[in-house]
Structures are given as structure tokens and as C-alpha cells.
Amino acid sequence: MHRLPLHTRIIIGLILGAVFGVIFGINPHKLEISAKTQSEAIENWSEVSFIKKDTVLKSFGHNDQLGIIKYFKSTKDKKDLILKVKLSDGTEKIFENTVSVEKVKTIGVLLRPVGDIFVRLLNMIAVPLVLASLIVGAASLTDLKHIAKIGGKTLGFYALTAVVAITIGLACANIIQPGNMISPDAKERLMETYQEDAQAKIEQNVDLDLVSFLVNIVPKNPFKAIADGDFLQIVFFAILTGVFLVQISKEKAQHVINFFAGLSETMIVLVEKIMIVAPYAVFTLIAATVAEFGFGILQTLIWYSLTVVLGLSILTFVEYPALLKIFTKISVIDFFRAQKQVLAVAFSTSSSAATLPVTMDVCEKRLGVPNKIASFVLPLGTTVNMDGTALYQAVAAVFIAQVYGFDLTLTQQLTIVLTAALAAIGTAPVPGIGLIMLIIVLKSIGVPEEGIALIIGVDRILDMCRTVPNVIADSLACVVIANSEGELGEIKPEAEYEGAM
Ligand code: ASP
């Protein structure tokens, strides 16, 4: 196995993980009910009822594992709560003083900590890498004019790809109309099951106040920004520091630049070492996600999920290759070949930030982008450029509007283009934040925010999918900008790059 190139091993890990997850999937008809002194796994119930003082509060059927768990968790006063379980063979079980009701975990889920350590290691690298590489990158761009030119091109390119992405999302959602494919019964079930989760996200109170958004990019304390992993603030601080480093005496500046260049290089070496365990980590991450995933809910939301995936595929396999052809001479096949590792890590971690160290390594060592451009464009892109998320937010907003029976006007659709672009910029490059920022888009077009309950169940899997174009777009911008500056080197053959690992 070790003779195979690393990216092949990672892809094998991904596929085997999915198979393992299916084999050791969580049984949707099994529950672990624990009381103070005993715990018991029950299987194949026909009805589970929650009873208090002889009154049946709520009953659930055979397919309601998640509903049962969530109802138990959301019941505040569990004193005198009785669970009556009718089994399919006609017998009944009564549970008093229950302390927990959970799914029965399988080996597929129990291996997850291995993957979690891998994701944490990548995240551990991301913040120092963004800080150090951006300071060095900005300092090496000689003067303010040069930085403004590269920065302007980068942001312009990101804005262009985001608007196209959102338009693709809107077109897919308006043509397929996934919101009209869902039955009122399914809508009610989804709303009931995920109401609590939706409320928790709504309570985070995200708002699109452009002025305070801009004000908040300026950190009061950069060390706090680093500690909190606030990427926008770190980017702001790092660029300013890099820009003005070149204005102090050369002798002093060189010490600081050397320090951050050393830190940045060390982080890159570290990521190459961490990637050695990637095949195993990816295996456990995918196995756990597949094992835990409720395929029943995927069936209910199949049209919505397909619409998102179709939009993301058009974005990745039509828009990006077209832009690559227009702006560079790189072959599309070579570009995507070089992205295999980036793709697998983004998909399995659902985090652009965790993938950044890998993207950086690939852009510099494989795609021939000079360090000063990669270290400027990539951290910026990881933070602000999220085409996949923007597209997903557009589809989700139209889907929820359709389910609620809203007929969106052209003005509302244009509002989606604007707010989804901004919401995606504000989305932190970590798992699941795109869904929270969607609330901003819903608010802007007057669609009830509670509607996010409809899509929470499939968010994890769609998050994995949208993170892929999020990171591919960063690499794309990197080669486009490097090419426009006449600084793009040759693509290195796979074997040579593998040698670095
Ligand atoms: N997981 C996405 C990313 O890191 C962000 C999101 O859409 O939730 O790129």
C-alpha cells in the first residue's frame, strides 16, 4: 500500500471509509435507553410513548428514532417521565427515571477520534500559517501599489466567481423547483424534528450590518483574533504588518521577515508529515459520517440535495475549467490531477481552514505558484472566497421559500445574489457555518428563518460537498493571479511532488 502515491491512498481511504460506514452503519431502529442503574438496547419498536401522570405527552412510530431522541433531550422536566415501548412482537417495556436515550454506536462511529485528531492538527497549523505566510507574502510584494494591484485582482476574481456561482444556484433551484417536490407531511416532520436545532442557530443572532461587518474586520487585539481563530481579523492585521515591514530599516525588517518565513516553512513541513496519516484519518472521518448519517432523511430531501450537488458540479466542472482556459494555459486535467489531495481533505474535513495548509503545499510545490503569491492569495481566499457556500445558500433560500409557498420576485432573487455573496464572505472557513449565515439571506427576502429546520438534517453531507469548490476556487485564483503577473512556473510531475512527502 505504501508504494502507492499518497493521494491514491487517500482516495482509497475515502472509498473504503464509505463502505465501512455503510456496513457498520447505525441501526435506525435501535435505541440505547439508560436509567440510573441499568441500560438496555431496544430494537424494532412499533411505538414509543412519553407519559407523565397517566397522560400521553407524545407518541412516536417505528421510523422516528431521531424524533424520540430529540423529544427526550428537549423535555426539561424529566421527573416522573415514563417511556412506554411497544415492541413489534406485541410485548411492552416501561422505563422510569431514564437519564439518556441515544443511538447505539457502532465501530464506524467509535473510530472517529482518529479523524478528529487529524482535523485538529490541520486546524492547529492553519492560524499560524495564515499569519506568518501573509506577513511574508505582503512584505515580499515590494510596495503598496503592487499589493493593491494583486489584492484588487484577487478580490475582483473572487467577486466574479461568487456572482456566477450564485447565479448557477438560482438557475438550478428555479428550474428544478425542489421545494415543490416535498410533501406537506414531510415538511411537518422535518420542522418538528429539527425545530430545536434551528432555534439554537437562530439564537446566534447573525445580522447583515455592512458597517459593523467592516468595523469588525479591524481587530482591537490581534492576539485575541489569533486565539479566537478570527480569520478576517488575522488577515487584516497580517497584511498591514507585512506592508509596513518594508518601510522600517532593512536590517530590523529582515529579522522579523526571517522569523515569519521560518514559521511558515515549518508549518508547511508539518503539514507534509501530518498528511502521512491522512489515508487512515480520512477513512475514519468518512466511515463515521456515513455510519451516522440518516439515509431516510436524504430520501426526503433528495430533490433539494440533488439540486445543490448539481449546482456545485456545474461550478466545479464547468465554470472553473472555463475560467482556467480563459485566464491561463494550464491544462484542465493537470490542474484537477494536482488537486486530488486538496479535494479529499476538503471533502472529509468540511473545512477550508483545515485544508489550507494542503492547498498551499500543492499550489507552491506542484502548480508552480511562487510563495509570495500563494501566501497572499490563498489565506485571503480561504477567508473570503466561498463559492460553494454562496451557491448552496442561494439554493437553500429558494428551496425554503418554495416550501413556504413564497413566489420570489426578480428583486428578491437579486437580493439573494447580493446577500449570499456577503454572507459567504462572512462565513468562517469551518464546518457548518454556511448554514448559520444562510439566516441572513432568509431575513433579507422575508422568508421565515425557522425554515432552516427543513435542511439541517442533510447539512453535514452538503457541507462536505460545498467545501470542495470553496477550496478549488482558491487554487484557481492562485494560478490565475500568478499567470497574470507572469510568475507562474511549470506544473511539476506527480512523482516529483510525491517525493516531497
Ligand atoms: N465548511 C465550509 C468551509 O469551510 C463553510 C460552510 O459553508 O459552512 O469552506
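All residue numbers refer to positions in the sequence shown, counting from 1. Read the numbers this way: they start at 1 and go in the same order the structure lists the ligands and their atoms.
Ring-plane geometry between Phe20 and Phe283 is classed as tilted, the angle between the planes lying from 30 to 60 degrees on a 0 to 90 degree scale.
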Please tabulate, one line per pair, the protein nitrogen or oxygen atoms found under 3.5 angstrom from a nitrogen or oxygen of ligand 1, with distances to 0.1 Å, or say none if there are no such pairs.
residue: ligand 1; atom: 1 (N); partner: Ser350; partner atom: O; Å: 2.8
residue: ligand 1; atom: 1 (N); partner: Val430; partner atom: O; Å: 3.3
residue: ligand 1; atom: 1 (N); partner: Asp463; partner atom: OD1; Å: 2.7
residue: ligand 1; atom: 1 (N); partner: Thr467; partner atom: OG1; Å: 3.2
residue: ligand 1; atom: 4 (O); partner: Ser352; partner atom: N; Å: 2.8
residue: ligand 1; atom: 4 (O); partner: Ser352; partner atom: OG; Å: 3.4
residue: ligand 1; atom: 4 (O); partner: Pro429; partner atom: O; Å: 3.3
residue: ligand 1; atom: 4 (O); partner: Val430; partner atom: N; Å: 3.4
residue: ligand 1; atom: 7 (O); partner: Thr389; partner atom: OG1; Å: 2.6
residue: ligand 1; atom: 7 (O); partner: Arg466; partner atom: NE; Å: 2.6
residue: ligand 1; atom: 7 (O); partner: Arg466; partner atom: NH2; Å: 3.4
residue: ligand 1; atom: 8 (O); partner: Gly432; partner atom: N; Å: 3.4
residue: ligand 1; atom: 8 (O); partner: Ile433; partner atom: N; Å: 3.1
residue: ligand 1; atom: 8 (O); partner: Gly434; partner atom: N; Å: 2.7
residue: ligand 1; atom: 8 (O); partner: Arg466; partner atom: NH2; Å: 3.1
residue: ligand 1; atom: 9 (O); partner: Ser352; partner atom: OG; Å: 2.5
residue: ligand 1; atom: 9 (O); partner: Asn470; partner atom: ND2; Å: 2.8

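Listed by chain and residue number, Asn371 satisfy the side-chain hydrogen bond (donor to acceptor under 3.5 Å, both in side chains) test with Glu364 (two or more places apart in sequence, or in another chain).
Counted within 6.0 Å of CD1 on Ile333, heavy atoms from surrounding residues, nucleotides or ligands total 12 or fewer; the atom is thus considered open.
Between the side chains of Asn174 and Gln413, a donor-acceptor pair is found at a separation under 3.5 Å. Judged by distance alone, the side chains of Gln339 and Ser475 do bring a donor and an acceptor atom under 3.5 Å apart.
With Tyr392 as the partner, the side chain to side chain contact (heavy atoms under 4.5 Å, CB included) test is satisfied by one option alone out of Ile166, Leu435, Asp387, Asp463: Leu435.
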